[in-house]
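Working notes for the structure below.
All chains are named by letter (A, B, ...) in the order of the sequence lines, taking the proteins before the strands, and each is independently numbered beginning at 1.
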There are 2 protein chains.
Amino acid sequence: MFSLDREFLMLKMASYKLTYFNVTALGEPIRFLLSYLGREFEDYRLSQDQWPSTKPKTPFGKLPVLEIDGKALHQSTSIARYLGKEADLAGSDNWEALQIDMAVDSLHDFRLALVGYFFEQDKAVKEKKRGPLLKDTVPFYLTKFDELVKDNDGYLANGKLSWGDLYFVACSSLINHIIEFDMFDKYENLRTLRDNVHSIPQIKAWVETRPKTPF
Amino acid sequence: MFSLDREFLMLKMASYKLTYFNVTALGEPIRFLLSYLGREFEDYRLSQDQWPSTKPKTPFGKLPVLEIDGKALHQSTSIARYLGKEADLAGSDNWEALQIDMAVDSLHDFRLALVGYFFEQDKAVKEKKRGPLLKDTVPFYLTKFDELVKDNDGYLANGKLSWGDLYFVACSSLINHIIEFDMFDKYENLRTLRDNVHSIPQIKAWVETRPKTPF
C-alpha cells in the first residue's frame with residue numbers, strides 16, 4: 001500500500017492558501033470544505049486597499065483564489081466542487097452530481113439577483129430594485145429551496161449531505177445580511193439543512209472560531 | 001455483453017426534449033452536446049408570448065429545461081457538464097475536471113457582464129455601461145481566454161477537447177452579437193478553438209442545419 005500511504009502523506013502535506021476579503025460570501029464555502037476535510041489553510045483576508053494591487057495578479061481578476069502548493073485556482077464553485085469530490089461529497093454517480101450542480105447554480109442565480117441590488121451604487125435604482133426583490137425574488141427562491149430540502153430529507157439533493165449543502169449554508173450569512181431577516185427563522189426545512197451542516201464537528205468548530213464579520 | 005448492449009439500447013431510446021427560446025445563447029451548448037452524443041432531441045423553441053404561461057411550470061422559473069424521459073433538468077452549465085461526462089469530455093480526473101469548470105465559470109462572469117449591458121432597459125444606463133464594457137471588460141476576458149487556449153494547444157483546458165470547448169463555441173454567437181464584432185477575427189487562438197470544435201463532424205452537421213437566428 002505504499003502508493004496510497006504516499007498519496008495520503010502528500011494530501012496532508014499540501015499547502016493551502018485562500019485569498020479573499022474579510023467576509024464570508026464566496027470565500028466561506030471553501031473555508032467550510034477545507035475545514036470539513038481537516039486541511040490546515042492560510043486564511044488570508046485582504047483589506048479593500050490591497051485589492052487594486054492584488055487584482056492583476058489573480059488568474060481572472062477575481063477572488064477568491066485558492067493556492068494549492070502554489071498553484072492558483074479560482075472560481076468558488078469550481079473549487080468547492082473539486083474539494084467536494086476530494087471529500088466524497090459530490091454524489092455517487094453523474095446523475096447525483098447533476099442534482100447537486102443544479103441546486104448550486106440556482107443558488108447563484110438567487111445570489112446574483114441579491115448582490116445586483118446590494119452593490120447598486122445609484123440610490124434611486126437600488127430603491128427601485130428593492131421592492132420586487134423582497135416581495136417576489138426572495139420568497140420565490142427561498143420557497144423553492146425549502147421545498148427541495150423537504151423533498152431531500154434535510155439536504156439539497158439526493159437525500160444526503162453534499163458539498164452543495166456546505167456551499168448553501170456557508171453563503172447564507174451573506175444572503176441573510178442582504179435580505180435583512182434570518183431565512184432560517186422563516187423556512188423550517190432550510191433550518192433543518194443549516195442544523196445538519198452546523199452539526200458536523202469540523203464545521204461546528206470552524207463556525208465557532210472563525211473571525212466575526214458583518215456578513 | 002448483454003448489460004452493455006442493454007445500456008446502449010436504453011441510451012438510444014431515452015427521449016430528450018429541450019425547451020428554450022429561438023436563439024442560441026444558453027440553449028446552444030446543450031444542442032451541441034446532444035448532437036455530439038448523437039442523441040436525437042426535440043428542439044422546442046418557445047415564442048416570447050408563450051413564456052409567461054411556461055415559466056411557472058419550469059423547476060426554477062428559467063430556461064433552458066432539458067427533459068430526459070420526462071424528468072426536467074435545468075441550469076445549462078449543470079446539464080452541459082452532465083452530458084459532457086456522458087460523452088467522456090469532462091477530464092480524466094478531478095484536477096482536469098476543475099480546469100474545465102474554472103474556464104466555464106469565467107465565461108459566465110464574462111457573459112453576465114455582457115447581458116447586464118445588452119438587456120439593460122434604461123437607455124441612459126445602457127449607454128453608460130457601453131464604454132467600460134467594450135474598452136475594458138471585453139478585451140480583458142477575450143485576451144485571457146485567448147491565452148488560455150494558447151497554453152492548452154487549441155482548447156480551454158488540459159490540452160484536449162472538453163465540454164467546456166463546446167460550451168464556449170456554442171455561446172460565442174451570443175457574445176459576438178453583443179460585442180458587435182467577431183471575436184474569431186481578432187483572437188487567433190480562439191479561432192483555432194472554434195475551428196477545432198466546428199471540425200467535429202456532428203457539430204459541423206448541427207451548425208450547418210440548425211435554424212438561422214439573429215444570435
Next item on the list: Could you label the plane-to-plane angle of the B:Phe60 and A:Phe145 rings as parallel, tilted or perpendicular, counting under 30° as parallel and over 60° as perpendicular?
Entry: tilted
Checklist line | Within 6.0 angstrom of A:Lys150 NZ, more than 12 heavy atoms from elsewhere | finding: no
Notebook entry, point to check: How far does OH of A:Tyr82 sit from CD of B:Glu96, to the nearest 0.5 angstrom?
Noted result: 11.5 Å
Margin query: Checking the side chain of B:Lys144 only, and the main-chain atoms of A:Pro59 only, is there a donor and an acceptor separated by less than 3.5 Å?
Written below: yes
Check: Above 12 or not: heavy atoms from other molecules or residues under 6.0 Å from CD of B:Glu40?
Finding: no
Next item on the list: Please flag which part of A:Phe110 lies under 4.5 Å from any non-hydrogen atom of chain B: side chain, backbone, both or neither.
Entry: neither
Checklist line | Worked check of side chain to side chain contact (heavy atoms under 4.5 Å, CB included) between A:His74 and B:Ser106 | finding: CA-CA 9 Å; A:His74 60 118; B:Ser106 295; 3.1 Å; yes
Next item on the list: Please state whether the side chain, the backbone, both or neither of A:Asp109 comes within less than 4.5 Å of a heavy atom of chain B.
Entry: side chain
Next item on the list: Verify side chain to side chain contact (heavy atoms under 4.5 Å, CB included) between A:Asp101 and B:Thr77, making sure each step is shown before the conclusion.
Entry: CA-CA 8 Å; A:Asp101 286 352; B:Thr77 315; over 6 Å; no
Item checked: Pairwise side-chain contact, A:Gln75 with B:His108, heavy-atom cut-off 4.5 Å (strictly under) -> no
Next item on the list: Mark yes when over 12 heavy atoms from residues, nucleotides or ligands other than B:Asp88 sit less than 6.0 Å from its CG; otherwise mark no.
Entry: no
Item checked: CD/A:Glu188: more than 12 non-hydrogen atoms of other groups inside 6.0 Å -> no
Margin query: Using side-chain heavy atoms (C-beta onward) and a distance below 4.5 Å, is B:Leu98 in contact with A:Leu73?
Written below: yes
Notebook entry, point to check: Contact part of A:Ile100 toward chain B, heavy-atom cut-off under 4.5 Å: side chain, backbone, both or neither?
Noted result: neither
Check: So do the side chains of A:Trp95 and B:Lys71 get within less than 4.5 Å of each other, counting heavy atoms only?
Finding: yes
